[in-house]
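Below, chain A is the first sequence line, B the second, and so on; all start at residue 1.
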Protein chains: 2
Amino acid sequence: MSQSHQEVAELLGAVPKAWRALLDQRLRPYGFSQATWQVLLKLGRAGEPLLQNELAARVGIEPASLVRLLDVLQADGWIVRQQDEQDRRAKRICLTAKAQQLSGELLQVADALKAELLDGLDPQELQTCIKVLAQIRAAAEQAEEPPA
Amino acid sequence: MSQSHQEVAELLGAVPKAWRALLDQRLRPYGFSQATWQVLLKLGRAGEPLLQNELAARVGIEPASLVRLLDVLQADGWIVRQQDEQDRRAKRICLTAKAQQLSGELLQVADALKAELLDGLDPQELQTCIKVLAQIRAAAEQAEEPPA
DNA sequence: TCAATATAATTAGCTGGCTAATTATTTGAT
DNA sequence: ATCAAATAATTAGCCAGCTAATTATATTGA
(Lines give C-alpha, C1' and ligand atoms only; values in the text may rest on other atoms or scores of the structure.)
Protein backbone atom coordinates (compact mmCIF):
# COMPACT_ATOMS: atom_id res chain seq x y z
CA MET A 1 0.00 0.00 0.00
CA SER A 2 3.04 2.25 0.30
CA GLN A 3 2.90 5.28 -1.92
CA SER A 4 6.49 4.73 -3.04
CA HIS A 5 5.71 1.18 -4.04
CA GLN A 6 2.84 2.34 -6.19
CA GLU A 7 4.92 5.10 -7.75
CA VAL A 8 7.84 2.92 -8.71
CA ALA A 9 5.47 0.33 -10.14
CA GLU A 10 3.87 2.93 -12.37
CA LEU A 11 7.17 4.42 -13.46
CA LEU A 12 8.55 1.01 -14.32
CA GLY A 13 5.54 0.54 -16.54
CA ALA A 14 5.68 3.93 -18.21
CA VAL A 15 9.36 4.76 -18.64
CA PRO A 16 10.51 1.78 -20.72
CA LYS A 17 7.37 2.04 -22.82
CA ALA A 18 8.04 5.69 -23.64
CA TRP A 19 11.70 4.99 -24.33
CA ARG A 20 10.86 2.15 -26.70
CA ALA A 21 8.27 4.24 -28.52
CA LEU A 22 10.78 7.03 -29.09
CA LEU A 23 13.39 4.64 -30.39
CA ASP A 24 10.87 2.99 -32.68
CA GLN A 25 9.97 6.38 -34.07
CA ARG A 26 13.56 7.35 -34.78
CA LEU A 27 14.51 4.03 -36.31
CA ARG A 28 11.46 3.84 -38.57
CA PRO A 29 13.24 5.90 -41.30
CA TYR A 30 15.84 3.12 -41.53
CA GLY A 31 13.09 0.62 -42.20
CA PHE A 32 13.56 -1.37 -39.02
CA SER A 33 11.20 -2.12 -36.21
CA GLN A 34 12.71 -2.07 -32.77
CA ALA A 35 12.66 -5.86 -32.64
CA THR A 36 14.75 -6.33 -35.77
CA TRP A 37 17.06 -3.46 -34.89
CA GLN A 38 17.86 -5.04 -31.53
CA VAL A 39 19.03 -8.16 -33.32
CA LEU A 40 21.37 -6.28 -35.65
CA LEU A 41 22.77 -4.26 -32.78
CA LYS A 42 23.45 -7.19 -30.47
CA LEU A 43 25.16 -9.04 -33.30
CA GLY A 44 27.23 -5.96 -34.06
CA ARG A 45 28.24 -5.58 -30.43
CA ALA A 46 29.14 -9.25 -30.19
CA GLY A 47 31.60 -8.87 -33.04
CA GLU A 48 31.29 -12.53 -33.97
CA PRO A 49 28.56 -14.90 -35.14
CA LEU A 50 26.28 -16.09 -32.35
CA LEU A 51 24.12 -19.15 -31.88
CA GLN A 52 20.41 -18.39 -31.93
CA ASN A 53 20.33 -19.41 -28.29
CA GLU A 54 22.89 -16.88 -27.26
CA LEU A 55 21.47 -14.17 -29.46
CA ALA A 56 17.95 -14.62 -28.09
CA ALA A 57 19.30 -14.41 -24.56
CA ARG A 58 21.13 -11.17 -25.30
CA VAL A 59 18.09 -9.63 -26.98
CA GLY A 60 15.93 -10.80 -24.09
CA ILE A 61 13.39 -12.91 -26.01
CA GLU A 62 12.71 -16.62 -26.43
CA PRO A 63 14.62 -18.50 -29.14
CA ALA A 64 11.30 -19.28 -30.81
CA SER A 65 10.47 -15.59 -31.02
CA LEU A 66 13.76 -14.89 -32.74
CA VAL A 67 13.08 -17.25 -35.64
CA ARG A 68 10.65 -14.96 -37.46
CA LEU A 69 12.87 -11.93 -37.00
CA LEU A 70 15.80 -13.83 -38.47
CA ASP A 71 13.64 -14.96 -41.40
CA VAL A 72 12.86 -11.35 -42.21
CA LEU A 73 16.43 -10.15 -41.75
CA GLN A 74 17.74 -12.99 -43.88
CA ALA A 75 15.20 -12.34 -46.64
CA ASP A 76 16.36 -8.72 -46.76
CA GLY A 77 20.03 -9.69 -46.83
CA TRP A 78 21.06 -8.48 -43.37
CA ILE A 79 22.06 -11.80 -41.82
CA VAL A 80 22.94 -15.33 -42.87
CA ARG A 81 22.45 -18.58 -40.98
CA GLN A 82 25.63 -20.62 -41.02
CA GLN A 83 25.79 -24.34 -40.08
CA ASP A 84 27.83 -24.79 -36.95
CA GLU A 85 30.64 -27.26 -37.58
CA GLN A 86 30.80 -28.77 -34.13
CA ASP A 87 27.06 -29.20 -33.62
CA ARG A 88 24.91 -29.99 -36.61
CA ARG A 89 21.74 -28.91 -34.80
CA ALA A 90 23.07 -25.40 -34.34
CA LYS A 91 23.40 -22.40 -36.64
CA ARG A 92 25.55 -19.34 -36.21
CA ILE A 93 23.96 -16.02 -37.14
CA CYS A 94 26.31 -13.75 -39.09
CA LEU A 95 25.89 -10.12 -40.11
CA THR A 96 26.37 -9.44 -43.82
CA ALA A 97 28.78 -6.70 -44.86
CA LYS A 98 26.03 -4.15 -45.50
CA ALA A 99 24.53 -4.92 -42.10
CA GLN A 100 27.84 -4.29 -40.40
CA GLN A 101 28.03 -0.89 -42.03
CA LEU A 102 24.51 -0.02 -40.98
CA SER A 103 24.76 -1.23 -37.41
CA GLY A 104 27.09 1.64 -36.60
CA GLU A 105 24.50 4.18 -37.67
CA LEU A 106 21.74 2.48 -35.73
CA LEU A 107 23.92 2.43 -32.66
CA GLN A 108 24.52 6.15 -33.00
CA VAL A 109 20.81 6.89 -33.09
CA ALA A 110 20.19 4.73 -30.04
CA ASP A 111 23.07 6.25 -28.12
CA ALA A 112 21.97 9.77 -29.00
CA LEU A 113 18.52 9.07 -27.56
CA LYS A 114 20.05 7.47 -24.50
CA ALA A 115 22.10 10.62 -23.95
CA GLU A 116 19.05 12.87 -24.36
CA LEU A 117 17.18 10.90 -21.74
CA LEU A 118 19.99 10.43 -19.23
CA ASP A 119 22.49 13.27 -19.58
CA GLY A 120 20.78 15.64 -17.17
CA LEU A 121 20.81 13.18 -14.28
CA ASP A 122 22.92 13.46 -11.17
CA PRO A 123 25.54 10.69 -11.45
CA GLN A 124 25.29 9.76 -7.79
CA GLU A 125 21.51 9.51 -7.95
CA LEU A 126 21.74 7.49 -11.14
CA GLN A 127 24.05 5.04 -9.37
CA THR A 128 21.52 4.68 -6.58
CA CYS A 129 18.77 4.09 -9.12
CA ILE A 130 20.82 1.36 -10.78
CA LYS A 131 21.45 -0.26 -7.43
CA VAL A 132 17.75 -0.27 -6.56
CA LEU A 133 16.72 -1.65 -9.96
CA ALA A 134 19.31 -4.41 -9.64
CA GLN A 135 17.89 -5.29 -6.23
CA ILE A 136 14.40 -5.50 -7.69
CA ARG A 137 15.67 -7.75 -10.45
CA ALA A 138 17.31 -10.00 -7.89
CA ALA A 139 14.08 -10.15 -5.89
CA ALA A 140 12.21 -11.12 -9.05
CA GLU A 141 14.63 -13.98 -9.64
CA GLN A 142 14.04 -15.13 -6.07
CA ALA A 143 10.29 -14.90 -6.51
CA GLU A 144 10.35 -17.23 -9.50
CA GLU A 145 11.27 -20.16 -7.34
CA PRO A 146 8.45 -21.05 -4.99
CA PRO A 147 9.84 -21.43 -1.42
CA ALA A 148 10.77 -25.04 -2.32
CA MET B 1 29.03 5.46 -23.88
CA SER B 2 28.83 5.85 -20.10
CA GLN B 3 28.72 2.57 -18.28
CA SER B 4 25.90 3.81 -16.06
CA HIS B 5 23.85 4.76 -19.09
CA GLN B 6 24.21 1.30 -20.50
CA GLU B 7 23.37 -0.33 -17.18
CA VAL B 8 20.22 1.64 -16.56
CA ALA B 9 19.08 1.01 -20.12
CA GLU B 10 19.45 -2.73 -19.65
CA LEU B 11 17.78 -2.74 -16.27
CA LEU B 12 14.85 -0.74 -17.59
CA GLY B 13 14.45 -3.40 -20.23
CA ALA B 14 14.76 -6.38 -17.93
CA VAL B 15 13.04 -5.40 -14.68
CA PRO B 16 9.55 -4.58 -15.95
CA LYS B 17 9.66 -7.64 -18.18
CA ALA B 18 10.46 -9.92 -15.27
CA TRP B 19 7.82 -8.27 -13.08
CA ARG B 20 5.15 -8.67 -15.74
CA ALA B 21 6.07 -12.31 -16.32
CA LEU B 22 5.76 -13.07 -12.60
CA LEU B 23 2.40 -11.36 -12.37
CA ASP B 24 1.16 -13.17 -15.46
CA GLN B 25 2.16 -16.44 -13.89
CA ARG B 26 0.37 -15.78 -10.61
CA LEU B 27 -2.79 -14.47 -12.23
CA ARG B 28 -3.09 -17.32 -14.70
CA PRO B 29 -4.97 -19.49 -12.15
CA TYR B 30 -7.70 -16.84 -12.10
CA GLY B 31 -8.07 -17.17 -15.84
CA PHE B 32 -6.86 -13.68 -16.68
CA SER B 33 -4.01 -12.49 -18.77
CA GLN B 34 -2.19 -9.46 -17.49
CA ALA B 35 -3.84 -7.28 -20.09
CA THR B 36 -7.38 -8.13 -19.03
CA TRP B 37 -6.50 -8.04 -15.34
CA GLN B 38 -5.17 -4.49 -15.68
CA VAL B 39 -8.52 -3.39 -17.03
CA LEU B 40 -10.48 -4.90 -14.13
CA LEU B 41 -8.08 -3.46 -11.60
CA LYS B 42 -8.11 0.08 -12.98
CA LEU B 43 -11.90 0.02 -13.12
CA GLY B 44 -12.00 -1.26 -9.55
CA ARG B 45 -9.64 1.46 -8.36
CA ALA B 46 -11.64 4.13 -10.18
CA GLY B 47 -14.74 3.16 -8.22
CA GLU B 48 -17.01 4.42 -10.98
CA PRO B 49 -17.68 3.68 -14.64
CA LEU B 50 -15.09 5.16 -16.99
CA LEU B 51 -15.16 6.17 -20.61
CA GLN B 52 -13.03 3.96 -22.84
CA ASN B 53 -10.82 6.96 -23.42
CA GLU B 54 -10.10 7.45 -19.77
CA LEU B 55 -9.73 3.74 -19.10
CA ALA B 56 -7.24 3.27 -21.93
CA ALA B 57 -5.17 6.18 -20.63
CA ARG B 58 -5.09 4.71 -17.13
CA VAL B 59 -4.11 1.26 -18.40
CA GLY B 60 -1.49 2.85 -20.65
CA ILE B 61 -2.68 1.53 -24.03
CA GLU B 62 -4.44 3.03 -27.05
CA PRO B 63 -8.24 3.16 -27.04
CA ALA B 64 -8.23 0.90 -30.10
CA SER B 65 -6.21 -1.71 -28.22
CA LEU B 66 -8.74 -1.71 -25.42
CA VAL B 67 -11.66 -2.67 -27.65
CA ARG B 68 -10.73 -6.34 -27.98
CA LEU B 69 -10.01 -6.68 -24.29
CA LEU B 70 -13.42 -5.24 -23.48
CA ASP B 71 -15.07 -7.59 -25.97
CA VAL B 72 -13.57 -10.55 -24.13
CA LEU B 73 -14.39 -9.22 -20.67
CA GLN B 74 -17.95 -8.45 -21.74
CA ALA B 75 -18.42 -11.89 -23.29
CA ASP B 76 -17.38 -13.45 -19.99
CA GLY B 77 -19.66 -11.22 -17.97
CA TRP B 78 -17.04 -9.08 -16.21
CA ILE B 79 -17.97 -5.68 -17.66
CA VAL B 80 -20.83 -3.98 -19.46
CA ARG B 81 -20.75 -1.09 -21.91
CA GLN B 82 -23.31 1.52 -20.94
CA GLN B 83 -24.46 4.31 -23.29
CA ASP B 84 -23.35 7.66 -21.94
CA GLU B 85 -26.36 9.95 -21.53
CA GLN B 86 -24.64 13.23 -22.30
CA ASP B 87 -22.67 12.04 -25.32
CA ARG B 88 -24.19 9.42 -27.57
CA ARG B 89 -20.81 8.56 -29.11
CA ALA B 90 -19.43 7.54 -25.74
CA LYS B 91 -19.85 4.45 -23.58
CA ARG B 92 -19.12 4.02 -19.91
CA ILE B 93 -17.44 0.78 -18.88
CA CYS B 94 -18.95 -0.71 -15.71
CA LEU B 95 -17.77 -3.65 -13.62
CA THR B 96 -20.41 -6.31 -12.99
CA ALA B 97 -21.06 -7.40 -9.42
CA LYS B 98 -19.00 -10.57 -9.75
CA ALA B 99 -16.12 -8.56 -11.20
CA GLN B 100 -16.18 -6.18 -8.26
CA GLN B 101 -15.85 -9.12 -5.89
CA LEU B 102 -12.97 -10.57 -7.83
CA SER B 103 -11.04 -7.36 -8.30
CA GLY B 104 -10.22 -7.30 -4.60
CA GLU B 105 -8.56 -10.71 -4.85
CA LEU B 106 -6.59 -9.76 -7.93
CA LEU B 107 -5.41 -6.62 -6.21
CA GLN B 108 -4.18 -8.66 -3.27
CA VAL B 109 -2.11 -10.91 -5.52
CA ALA B 110 -0.60 -7.93 -7.28
CA ASP B 111 0.16 -6.12 -4.04
CA ALA B 112 1.70 -9.23 -2.52
CA LEU B 113 4.09 -9.50 -5.44
CA LYS B 114 4.85 -5.80 -5.26
CA ALA B 115 5.76 -6.24 -1.60
CA GLU B 116 7.99 -9.24 -2.35
CA LEU B 117 9.90 -7.24 -4.92
CA LEU B 118 10.15 -3.95 -3.06
CA ASP B 119 10.03 -4.59 0.68
CA GLY B 120 13.74 -5.12 1.15
CA LEU B 121 14.70 -1.77 -0.37
CA ASP B 122 16.09 1.17 1.53
CA PRO B 123 13.30 3.79 1.58
CA GLN B 124 15.67 6.67 0.94
CA GLU B 125 17.26 4.91 -2.01
CA LEU B 126 13.85 4.00 -3.38
CA GLN B 127 12.87 7.67 -3.26
CA THR B 128 15.98 8.57 -5.22
CA CYS B 129 15.18 5.88 -7.75
CA ILE B 130 11.67 7.27 -8.17
CA LYS B 131 13.06 10.75 -8.65
CA VAL B 132 15.48 9.58 -11.33
CA LEU B 133 12.83 7.58 -13.18
CA ALA B 134 10.50 10.58 -13.13
CA GLN B 135 13.27 12.71 -14.61
CA ILE B 136 13.80 10.17 -17.37
CA ARG B 137 10.09 10.19 -18.10
CA ALA B 138 10.11 13.99 -18.28
CA ALA B 139 13.08 13.87 -20.66
CA ALA B 140 11.18 11.41 -22.84
CA GLU B 141 8.24 13.79 -23.02
CA GLN B 142 10.60 16.56 -24.07
CA ALA B 143 12.19 14.34 -26.69
CA GLU B 144 8.86 13.68 -28.37
CA GLU B 145 8.62 17.25 -29.54
CA PRO B 146 11.28 18.00 -32.12
CA PRO B 147 13.07 21.29 -31.17
CA ALA B 148 10.19 23.17 -32.86
C1' DT C 1 26.45 -50.05 -26.73
C1' DC C 2 22.36 -48.22 -27.22
C1' DA C 3 18.29 -46.41 -25.25
C1' DA C 4 16.63 -42.48 -22.66
C1' DT C 5 17.14 -37.82 -22.15
C1' DA C 6 18.56 -33.27 -23.37
C1' DT C 7 19.29 -29.61 -26.62
C1' DA C 8 19.02 -26.33 -31.13
C1' DA C 9 16.07 -24.71 -34.24
C1' DT C 10 11.63 -24.60 -36.02
C1' DT C 11 6.41 -24.40 -36.62
C1' DA C 12 1.75 -23.47 -35.15
C1' DG C 13 -1.38 -20.92 -32.83
C1' DC C 14 -2.54 -17.63 -29.17
C1' DT C 15 -2.33 -12.92 -26.98
C1' DG C 16 -1.95 -8.18 -27.13
C1' DG C 17 0.23 -4.08 -28.62
C1' DC C 18 0.17 -0.52 -32.64
C1' DT C 19 -1.47 2.69 -36.72
C1' DA C 20 -4.76 3.98 -40.20
C1' DA C 21 -9.27 4.25 -41.69
C1' DT C 22 -14.45 4.22 -40.69
C1' DT C 23 -18.82 5.63 -38.50
C1' DA C 24 -21.60 8.30 -35.53
C1' DT C 25 -22.01 12.28 -33.01
C1' DT C 26 -20.68 16.71 -31.08
C1' DT C 27 -18.50 21.20 -31.16
C1' DG C 28 -17.15 25.37 -33.19
C1' DA C 29 -16.79 29.07 -36.58
C1' DT C 30 -18.91 31.87 -39.78
C1' DA D 1 -28.20 27.70 -38.99
C1' DT D 2 -25.08 25.23 -41.16
C1' DC D 3 -20.98 23.21 -42.51
C1' DA D 4 -16.17 21.97 -41.14
C1' DA D 5 -13.41 20.05 -37.83
C1' DA D 6 -12.87 17.36 -33.70
C1' DT D 7 -13.93 13.37 -30.95
C1' DA D 8 -15.57 8.35 -29.18
C1' DA D 9 -15.66 3.93 -30.40
C1' DT D 10 -14.75 0.56 -33.69
C1' DT D 11 -12.60 -2.42 -37.44
C1' DA D 12 -8.84 -4.19 -40.14
C1' DG D 13 -4.41 -5.52 -40.60
C1' DC D 14 0.29 -5.52 -39.09
C1' DC D 15 4.18 -6.67 -35.73
C1' DA D 16 6.08 -9.17 -32.12
C1' DG D 17 6.00 -11.61 -27.91
C1' DC D 18 4.72 -16.20 -25.70
C1' DT D 19 4.00 -21.54 -24.91
C1' DA D 20 3.64 -26.19 -26.66
C1' DA D 21 4.84 -29.48 -29.88
C1' DT D 22 8.07 -31.22 -33.65
C1' DT D 23 12.43 -32.61 -35.83
C1' DA D 24 17.18 -33.50 -35.95
C1' DT D 25 21.18 -34.22 -33.49
C1' DA D 26 24.11 -34.87 -29.08
C1' DT D 27 24.93 -36.55 -24.66
C1' DT D 28 24.54 -39.62 -20.87
C1' DG D 29 23.91 -43.58 -18.13
C1' DA D 30 22.61 -48.55 -17.35
Side-chain angles (χ1 to χ4, degrees), chain A residues 13-14 16-25 27-28 30-40 49-76 79-94 144, chain B residues 13-14 16-25 27-28 31-40 42 49-76 79-94 144:
Chain A
K17 189 185 186 90
W19 191 328
R20 227 176 306 124
L22 278 170
L23 197 51
D24 252 358
Q25 180 184 317
L27 293 175
R28 209 164 298 139
Y30 293 88
F32 294 100
S33 67
Q34 200 246 358
T36 47
W37 162 84
Q38 285 274 8
V39 172
L40 295 183
L50 295 178
L51 297 179
Q52 171 175 323
N53 261 354
E54 300 168 359
L55 180 53
R58 295 194 194 193
V59 175
I61 61 178
E62 296 299 315
S65 305
L66 185 55
V67 174
R68 260 186 317 197
L69 301 177
L70 293 179
D71 289 345
V72 172
L73 288 170
Q74 187 169 38
D76 293 349
I79 61 113
V80 296
R81 286 165 160 109
Q82 190 176 29
Q83 265 305 347
D84 185 274
E85 302 189 350
Q86 276 70 44
D87 186 337
R88 290 197 298 166
R89 295 167 303 180
K91 293 170 186 171
R92 303 222 159 245
I93 311 303
C94 314
E144 275 167 22
Chain B
K17 188 183 187 91
W19 192 328
R20 226 177 305 124
L22 278 170
L23 197 51
D24 252 358
Q25 180 184 317
L27 292 174
R28 210 164 296 139
F32 294 101
S33 66
Q34 200 244 358
T36 48
W37 162 83
Q38 284 274 8
V39 172
L40 295 182
K42 296 293 180 183
L50 295 177
L51 297 180
Q52 171 174 322
N53 260 355
E54 300 167 358
L55 181 53
R58 295 196 195 194
V59 174
I61 61 178
E62 296 299 315
S65 304
L66 185 55
V67 173
R68 262 186 315 194
L69 301 177
L70 294 179
D71 290 345
V72 172
L73 288 169
Q74 187 169 37
D76 293 348
I79 60 112
V80 295
R81 286 165 160 108
Q82 190 176 29
Q83 263 304 346
D84 185 274
E85 301 189 350
Q86 275 70 43
D87 186 338
R88 290 196 299 166
R89 296 167 303 181
K91 294 171 185 171
R92 304 222 159 244
I93 311 302
C94 314
E144 275 168 24

Checklist line | D84(B) side chain to R92(B) backbone, donor-acceptor under 3.5 Å | finding: no
Margin query: Using modelled atom types and a 3.5 Å cut-off, is there a donor and acceptor pairing between side-chain atoms of Q38(A) and backbone atoms of V59(A)?
Written below: no
Next item on the list: Count the heavy atoms belonging to other residues, nucleotides or ligands that lie under 6.0 Å from CD of E85(B), then report whether that count exceeds 12.
Entry: no
Rounded to whole angstrom units, what separation is found between the [atom1] atom of [X] and the [atom2] atom of [N]?
X: D84(A); N: dA9(C); atom1: CG; atom2: P; result: 8 Å
X: Q25(A); N: dG17(C); atom1: CD; atom2: P; result: 20 Å
X: L69(A); N: dT10(C); atom1: CG; atom2: P; result: 12 Å
X: E62(B); N: dA21(C); atom1: CD; atom2: P; result: 15 Å
X: L66(A); N: dC15(D); atom1: CG; atom2: P; result: 17 Å
X: R92(A); N: dA9(C); atom1: CZ; atom2: P; result: 9 Å
X: Q82(A); N: dA8(C); atom1: CD; atom2: P; result: 18 Å
X: Q83(A); N: dA8(C); atom1: CD; atom2: P; result: 14 Å

Nearest to the side chain of [X] - [options]?
X: S65(A); options: dC18(C), dG17(D), dA20(D); value: dG17(D)
X: R89(B); options: dT25(D), dT26(C), dC18(D); value: dT26(C)
X: P63(B); options: dT10(D), dG17(C), dG17(D); value: dT10(D)
X: Q52(A); options: dG17(C), dT10(C), dT26(C); value: dT10(C)
X: K91(B); options: dA20(D), dG17(C), dT10(D); value: dT10(D)
X: R68(A); options: dC18(D), dA26(D), dA9(C); value: dC18(D)
X: N53(B); options: dG17(C), dT11(C), dA9(D); value: dA9(D)
X: V67(A); options: dT10(C), dG17(D), dC18(C); value: dT10(C)

Notebook entry, point to check: More 5' along DNA chain D: Q86(A) or Q34(A), using each one's nearest nucleotide?
Noted result: Q34(A)
Note to self: Using heavy-atom distances to pick each residue's nearest nucleotide on DNA chain D, tell me which of E85(A) and T36(A) is more 5'.
What the structure shows: T36(A)
Item checked: Toward the 5' end of DNA chain C, by each residue's nearest nucleotide, R81(A) or K17(A) -> R81(A)
Checklist line | Residue whose nearest DNA chain C nucleotide is more 5′ - A90(A) or R88(B) | finding: A90(A)
Decide yes or no for [X] and [Y]: does some side-chain heavy atom of the first lie under 4.5 Å from some side-chain heavy atom of the second?
X: D71(B); Y: V67(B); result: yes
X: L73(A); Y: F32(A); result: yes
X: D24(B); Y: R28(B); result: yes

Next item on the list: May I ask you to say what A21(B) touches in the nucleic acid, namely base, sugar-phosphate or nothing, with a heavy-atom cut-off under 4.0 Å?
Entry: nothing
